[in-house]
Amino acid sequence: MKEYDVKCIRCGARFPKDDIVYTCRNCVSAGPRGEPVSGGLLDILYDYSKIDRERIVKATGEGVWRYRALLPFDDEIKPISINEGNTPLYRCDRLAKSIGIEELWVKHEGLNPSGSFKDRGMTVGVTKGVELGVKGVACASTGNTSASLAIFAAKARLPCYVLLPKGKVALGKVAQAIMHGAKVFSLKGNFDDALRVVRVLCEEESIYLLNSVNPYRLEGQKTIAFEIAEKLGWAVPDRVILPVGNAGNISAIFKGFSELMTLGITTTIPRMTGIQAAGAKPIVNAFKENKEEITPEDNPETIASAIRIGNPVNAAKALHAMRSSGGGAESVTDEEITEAQLLLARQEGIGVEPASAASIAGLKKLLEMGEIERDERIVCVTTGHLLKDPERVIQICEPPIEVEADVDVLRKMVRSPFEAMKCM
Ligand SMILES: *Cc1c(COP(=O)(O)O)cnc(C)c1O
Ligand SMILES: [Zn+2]
C-alpha cells in the first residue's frame with residue numbers, strides 16, 4: 001500500500017483516503033465573496049522516506065505514469081490513460097535571441113492527446129474516481145478541462161457533466177466535449193459562476209468533481225516538473241513561466257520541483273512566475289500588494305479564454321509557490337498575448353492558443369522591466385494547442401487569398417517577393 005495523507009494546507013486536518021472531499025471540512029470559513037464553501041485547500045502528502053529516488057531517476061514507461069512512484073496509487077493500479085504527458089521541451093534559440101536572452105526552452109503542453117496539459121491531471125483524477133467507485137464525473141470549464149474530462153470519462157465509461165460559460169468557450173474545446181460524449185451545459189454566467197454551481201451540485205448528487213480544486217488533479221500535473229528536470233539531465237531551470245487561471249498548474253509544477261528536491265534528486269527550485277491577463281489578474285494584484293487573500297474580479301475579460309477567471313480557487317497554493325520560490329507575477333494585455341502567439345508560431349513553429357502565449361508575453365515584459373536577468377535559464381510552459389481556438393486566428397490574420405485556377409495568375413504572385421499573411 002502506498003502511504004499518503006490528504007491534508008489541509010491551512011489547518012493541517014487529515015482526511016481518510018476513501019473520503020471524497022475537495023476542501024477542508026474542519027476549517028470551513030467564508031470565502032472571498034462570503035460563500036461558505038471555502039475550507040482550506042487539500043494537498044496529497046507522501047512519506048518521502050519510503051519513496052525510492054531510484055524509481056524516479058531510473059523510471060520506465062512514458063509520460064505521467066512513468067513517475068508512478070510519486071503518484072497516489074498502489075503499483076498494481078490500471079490507469080485510465082490515453083498516453084498523456086511526454087511532451088517536447090524545445091530549445092528556442094531564435095526566439096531567445098529576438099527577445100534578448102541566452103537560454104529559452106518551451107515545454108509545449110499543447111501536444112498532449114487532447115491538446116492541453118489538463119490530460120495530466122485527468123488521467124490521475126479519473127483513475128482515482130474509478131478507484132473510489134464514483135458513479136459520474138463533472139466539471140466547470142473555460143473549455144480545456146471539459147475537453148479532457150470528456151475523453152477520460154469516455155475511456156472510464158462514466159457519465160460526464162460539463163458546465164461551460166455561455167458564448168465564452170473556444171470552438172475547438174466545445175467540439176471535443178460534445179464529440180466525446182459529455183453532457184454539456186451552456187451556463188448563463190461566467191466560469192466562476194459555473195464552478196460555484198458545480199461544486200454544490202457534486203456534493204449533493206455524489207458526482208465526482210474534477211476541477212483543479214480536486215487535489216488529485218494536481219498530482220498528475222506536477223509531472224510537468226519531473227519531465228522538465230529529467231530532459232535537462234535532472235537539472236532545474238532558473239525560472240519557469242506559465243499562464244495562470246485557476247492557479248492549479250503553477251501550484252502543481254512547484255510541488256513537483258519541491259518533491260525532486262526533497263528526494264535529493266535536484267538541489268534548487270525554479271523561480272515560479274505566473275502570468276495573468278490584464279483583464280483578469282486577481283493573483284497578480286495580491287502578489288504585488290503582498291496580500292494573503294485575493295480580491296475576486298466580477299467581470300474578468302480577455303481574449304485568452306482559458307485564463308478568463310476572476311476568482312481562482314488555488315490562489316493560496318499559487319501565492320505560496322511564487323513567494324517561496326522567489327518568483328513573481330505579472331499581467332499582460334491582449335495585444336501582448338497576440339504578439340507573443342505570433343512570435344511562437346512564426347519564429348519557432350510552435351502553435352499555441354492565446355492563454356499559452358501569455359507565458360512568452362510575460363517573459364518579454366519582465367525582461368523589459370529588468371525583473372529577469374538575461375542569462376537566466378528559462379522554461380516557458382505553453383499550455384494549449386493553436387487549434388483549440390481557430391476563431392481567434394481568423395480574427396487576427398488576413399484570410400486566404402481567393403484565386404482562379406489559373407497558373408498565369410498564380411505565377412505572377414509567386415514571383416513577387418514572398419510575404420507571409422499579415423496579422424492584426
Ligand atoms: C487551464 C488552462 C490554463 C490555466 O491553468 P490553471 O491551472 O487554471 O492556472 C492556462 N492555459 C490553458 C491553455 C489552459 O487550458
Ligand atoms: Zn482545514
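Note that ligands are numbered from 1 as they come in the structure, with each ligand's atoms numbered from 1 the same way. Positions are given from 1 along the sequence.
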Donor on one side chain, acceptor on other, Asp5 and Tyr46, under 3.5 Å: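 Checked: Asp5/Tyr46 side chains show no N/O donor-acceptor pair below 3.5 Å.
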Does a side chain donor of either Thr302 or Asp334 reach within less than 3.5 Å of an acceptor in the other side chain?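 Side chains of Thr302 and Asp334: pair found under 3.5 Å.
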Please list, in number order, the atoms of ligand 1 under 4.0 Å from a heavy atom of Val244.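 Result: 9 (O).
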Could you list which atoms of ligand 1 come closer than 4.0 Å to a heavy atom of Ala355?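 Answer for ligand 1: 11 (N).
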Ligand 1 versus Glu353, non-hydrogen atoms closer than 4.0 Å: side chain, backbone, both, neither?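 It is the side chain that gets close, since no backbone atom is under 4.0 Å.
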Could you tell me whether Ile309 approaches ligand 1 through its side chain, its backbone, both or neither, with non-hydrogen atoms closer than 4.0 Å?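 It is neither part, as no heavy atom is under 4.0 Å.
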Starting from [atom], what is the nearest protein heavy atom, named by residue and atom, and what distance separates them?
{"atom": "atom 5 (O) of ligand 1", "answer": "Phe117 CZ, 3.4 Å"}
{"atom": "atom 4 (C) of ligand 1", "answer": "Gly245 N, 3.7 Å"}
{"atom": "atom 8 (O) of ligand 1", "answer": "Asn246 N, 2.8 Å"}

Inspect the contact between [Y] and [X] and indicate whether a charged nitrogen and a carboxylate oxygen are less than 4.0 angstrom apart.
{"X": "Arg308", "Y": "Glu301", "value": "yes"}
{"X": "Lys288", "Y": "Glu330", "value": "yes"}
{"X": "Asp193", "Y": "Arg196", "value": "yes"}
{"X": "Asp19", "Y": "Arg25", "value": "yes"}

Test your reading of the structure: does [X] have an N or O sitting under 3.5 Å from an N or O of ligand 1?
{"X": "Ala247", "result": "yes"}
{"X": "Asn249", "result": "yes"}
{"X": "Gly248", "result": "yes"}
{"X": "Gly384", "result": "no"}
{"X": "Asn144", "result": "yes"}
{"X": "Thr383", "result": "yes"}

For Phe226 and Trp234: C-alpha separation, side-chain torsions, deciding distance, then whether ring pair (Phe, Tyr, Trp, His ring centres under 6.0 Å) applies. CA-CA 8 Å; Phe226 303 161; Trp234 294 113; 7.7 Å; no
Between Cys202 and Ala138, which heavy-atom pair has the shortest distance, and what is it?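 Taking every non-hydrogen atom into account, SG-CB, 3.8 Å.
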For atom 14 (C) of ligand 1, which candidate among His385, Lys173, Lys118, Lys388 provides the closest heavy atom?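 Closest candidate by heavy-atom distance is Lys118.
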I want to check a possible cation-pi pair here: Lys168 against Phe191, using under 6.0 Å from ring centre and within 45° of the ring axis as the test.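 Cation-pi check for Lys168 and Phe191: fails.
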Are the side chains of Cys92 and Val106 in touch, meaning some heavy atoms are under 4.5 Å apart?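 SC-SC contact between Cys92 and Val106 confirmed.
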Where the Zn ion (ligand 2) is the corner point, what angle links SG of Cys27 with SG of Cys11, to 10°?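 It is 120°, given to the nearest 10°.
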Angle, SG of Cys8 through the Zn ion (ligand 2) to SG of Cys24 - 10° precision: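 Here the angle at the metal atom is close to 110°, to 10°.
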